[in-house]
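Please read the structure below before turning to the comments.
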Protein chains: 2
Amino acid sequence: MARSSQTEMAVLGGLSIEPMTAYALREAIRDVLGHFWSESFGQIYPTLNALEEAGHVRREGGPRARSSVYALTPSGLARLRDLLAEPVQEAQPRNGLLLRLFFGRVLGRDRCLELLRDARDRARAQLGEYEGMLAQLTATEGHTPDWPYMRLTLLAGIHQCRAGVAWADECLTTLEGDPTP
Amino acid sequence: MARSSQTEMAVLGGLSIEPMTAYALREAIRDVLGHFWSESFGQIYPTLNALEEAGHVRREGGPRARSSVYALTPSGLARLRDLLAEPVQEAQPRNGLLLRLFFGRVLGRDRCLELLRDARDRARAQLGEYEGMLAQLTATEGHTPDWPYMRLTLLAGIHQCRAGVAWADECLTTLEGDPTP
DNA sequence: ACCTGCATGTAAGTCGTTACATGATTGA
DNA sequence: TCAATCATGTAACGACTTACATGCAGGT
């Protein structure tokens, strides 16, 4: 068994795009899924070993080679399908920014304004990045069957950022106009 | 030392609103901070004990009483201020819905459409709840100095939900119109 | 008499990160 | 030759959840 079905899903899914080394897999997860997923080495290596033992991935190059490429087997693809079909399990929310703002009376209004301005600026910067990535992706339309699905996740990031900017702006306006210190 | 500064922050913050029992604290965190924070009993009790030992909270009623109320001490308030001023540490993102959609080619278009419709409906329902809560909160304007800060976090939820609905709608339109199976 | 809700805690287990240890390859 | 990057793994630790164990109070 892999460490968790969520990690297993990300690993099998990554290999369903194309075979690669554990190292490349981690980079791909960081660079491509980065805005909605993350895995660390400490998860990826044990998971790959477990998946190999279960016959869900095939290791080419062997453990002694300087680099081994993992590829999905038919049973691995079936396993991925099963995992993807499982109900979505939401992580319980933990938003450090909102926690600090909620206790804003203790933190002080000025600090809250700083936090909000910061959040807005980061959301704006992030939005620019996503829009650039979307433009790049749009240029390669049709190159891969994964294209429409990759686009979905980028759009999610874009909508989130826009909402973040709008929220921070609205809050800044009301808080700045507030006479109470 | 408490288990983690994040849990400590939530616990001290809760008691900064008003003194209460561990049980009530957990309920308050679930009901009031629920849309952006969560803590379980297994975290709250040990944290309260550690905080009492450190002198940051005072326990009234003692461990033998059927119910003991915890109150913030001056040093606890100072500790809370320090914690709130610490830089926000973002949890690494883990969005199970987006992970599934990203591998949508394997999952199948129909399943993806289901997921999106479901996400949209849940976002809509959630939005209604938040708007109700905001109306309720607006009615008690000025009753507590925490008011403007509570409002911020509710607004965040509302903006998030609206973005979620708009995103799902946009994705549904493009995916449904897509001829590729 | 019994059930529900309030209340307090512990223990085991899962999940995940971080730091450490190691070594090959490649380009400056 | 030296640094950076690619590459593979392990061990220790930390955080958090879940399930369990217990008991009182109040209403039906």
Side-chain angles (χ1 to χ4, degrees), chain A residues 1-11 14-15 19-31 33-34 36-53 57 59-70 83 86 89-96 99, chain B residues 1-11 14-15 19-31 33-34 36-53 57 59-70 83 86 89-96 99:
Chain A
M1 278 303 108
R3 309 272 286 209
S4 89
S5 55
Q6 299 260 295
T7 296
E8 218 184 322
M9 204 188 307
V11 166
L15 297 180
M20 55 185 120
T21 66
Y23 189 87
L25 186 57
R26 190 261 196 153
E27 296 221 305
I29 291 175
R30 169 159 48 68
D31 297 341
L33 314 183
F36 62 87
W37 203 261
S38 86
E39 294 292 347
S40 60
F41 278 132
Q43 293 277 101
I44 289 176
Y45 281 103
T47 298
L48 277 172
N49 285 333
L51 285 172
E52 194 198 6
E53 221 166 307
V57 302
R59 179 178 195 156
E60 274 144 18
R64 290 265 146 240
R66 30 244 167 292
S67 122
S68 37
V69 172
Y70 289 91
L83 287 172
E86 273 181 12
Q89 53 190 102
E90 318 273 357
Q92 72 279 31
R94 290 205 132 206
N95 186 323
L99 188 64
Chain B
M1 279 302 110
R3 310 271 287 211
S4 88
S5 54
Q6 298 262 294
T7 296
E8 217 185 323
M9 206 188 305
V11 165
L15 297 179
M20 54 186 120
T21 66
Y23 189 89
L25 187 56
R26 189 259 196 157
E27 296 222 305
I29 290 175
R30 169 160 48 68
D31 298 341
L33 315 184
F36 62 88
W37 204 259
S38 87
E39 294 291 348
S40 61
F41 278 133
Q43 293 277 100
I44 290 175
Y45 281 101
T47 298
L48 277 171
N49 284 334
L51 285 172
E52 194 198 6
E53 221 166 307
V57 301
R59 178 178 195 155
E60 274 144 19
R64 291 264 145 239
R66 30 244 169 289
S67 121
S68 38
V69 171
Y70 290 90
L83 288 173
E86 273 181 12
Q89 54 190 101
E90 318 274 355
Q92 73 278 31
R94 289 204 133 207
N95 186 324
L99 188 64

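Proteins come first, then strands; the chains are lettered A, B, ... in the order of their sequence lines, and each starts at number 1. Just so it is clear, the structure is predicted and the values come from calculations on it, not from any experiment.
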Checking [X] now: which residues fulfil side-chain contact (heavy atoms from CB on, under 4.5 Å) with it, not counting sequence neighbours?
| X | value |
| --- | --- |
| A:Gln92 | B:Ser38 |
| A:Ala28 | A:Met20 |
| A:Pro93 | none |

**Request:** To the nearest 0.5 angstrom, please state how far the OG1 atom of B:Thr7 sits from the CG atom of A:Leu99.
**Result:**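 The OG1 atom of B:Thr7 sits 9.5 Å away from the CG atom of A:Leu99.
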**Fill in**
Rounded to the nearest 0.5 angstrom, the CD-OH distance for B:Glu52 and B:Tyr70 is 5.5 Å
Please produce a list of atom pairs where a protein N or O lies less than 3.5 Å from an N or O of nucleotides 4-6 of chain D.
residue, atom, partner, partner atom, Å
D:dC6, OP2, A:Tyr23, OH, 3.3

**Message:** Considering every strand and a 4.0 Å limit on heavy-atom distances, what is the contact class for B:Arg94: base, sugar-phosphate, or nothing?
**Reply:** sugar-phosphate
**Message:** Once you apply a heavy-atom cut-off of 4.0 Å, does A:Gln6 come out as touching a base, just sugar-phosphate, or nothing?
**Reply:** nothing
**Asked** A:Glu39 or B:Asn49: which one's nearest nucleotide on DNA chain C is closer to the 5' end?
**Response** B:Asn49
**Prompt:** Starting at the 5' end of DNA chain C, which residue's closest nucleotide do you reach first, B:Ala24 or A:Ser40?
**Reply:**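 Residue closer to the 5' terminus by nearest nucleotide: B:Ala24.
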Mind calculating the distance between [atom1] ([X]) and [atom2] ([N]) to the nearest angstrom?
| X | N | atom1 | atom2 | answer |
| --- | --- | --- | --- | --- |
| B:Glu52 | C:dG9 | CD | P | 9 Å |
| A:Ile29 | C:dG16 | CD1 | P | 12 Å |
| B:Ile44 | C:dC6 | CD1 | P | 15 Å |
| A:Glu60 | D:dT8 | CD | P | 13 Å |
| B:Glu8 | D:dC16 | CD | P | 12 Å |
| A:Trp37 | C:dT17 | CH2 | P | 10 Å |
| A:Gln43 | C:dG16 | CD | P | 5 Å |
| B:Arg26 | C:dG5 | CZ | C1' | 12 Å |

**Asked** Going through the checks in order, is the side chain to side chain contact (heavy atoms under 4.5 Å, CB included) test met by A:Leu48 and A:Leu15?
**Response** CA-CA 11 Å; A:Leu48 277 172; A:Leu15 297 180; 4.1 Å; yes
With respect to the phosphate group of [N], does any side-chain polar atom (N or O) of [X] fall under 4.0 Å of OP1 or OP2?
| X | N | result |
| --- | --- | --- |
| B:Ser68 | C:dT8 | yes |
| B:Ser38 | D:dT17 | yes |
| B:Thr7 | D:dC16 | yes |
| A:Gln92 | D:dT17 | yes |

**Asked** Tell me the salt bridge (Lys or Arg N to Asp or Glu O under 4.0 Å) pairs involving residues 36-48 of chain A, sequence neighbours left out?
**Response** A:Glu39-B:Arg94
**Message:** Can you tell me which nucleotide in D:dT17, D:dG9, C:dT8 comes closest to the side chain of A:Tyr45?
**Reply:** D:dG9
**Request:** Consider the side chain of B:Tyr70, meaning its heavy atoms from C-beta on, and name the nucleotide among D:dT10, C:dG16, C:dG9 that approaches it most closely.
**Result:**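 Of the options given, the side chain of B:Tyr70 lies nearest C:dG9.
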**Request:** Return the set of residues passing salt bridge (charged side-chain N to carboxylate O under 4.0 Å, His left out) with B:Glu53 (not counting sequence neighbours), or none when no residue passes.
**Result:**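 Not a single residue meets the salt bridge (charged side-chain N to carboxylate O under 4.0 Å, His left out) criterion with B:Glu53.
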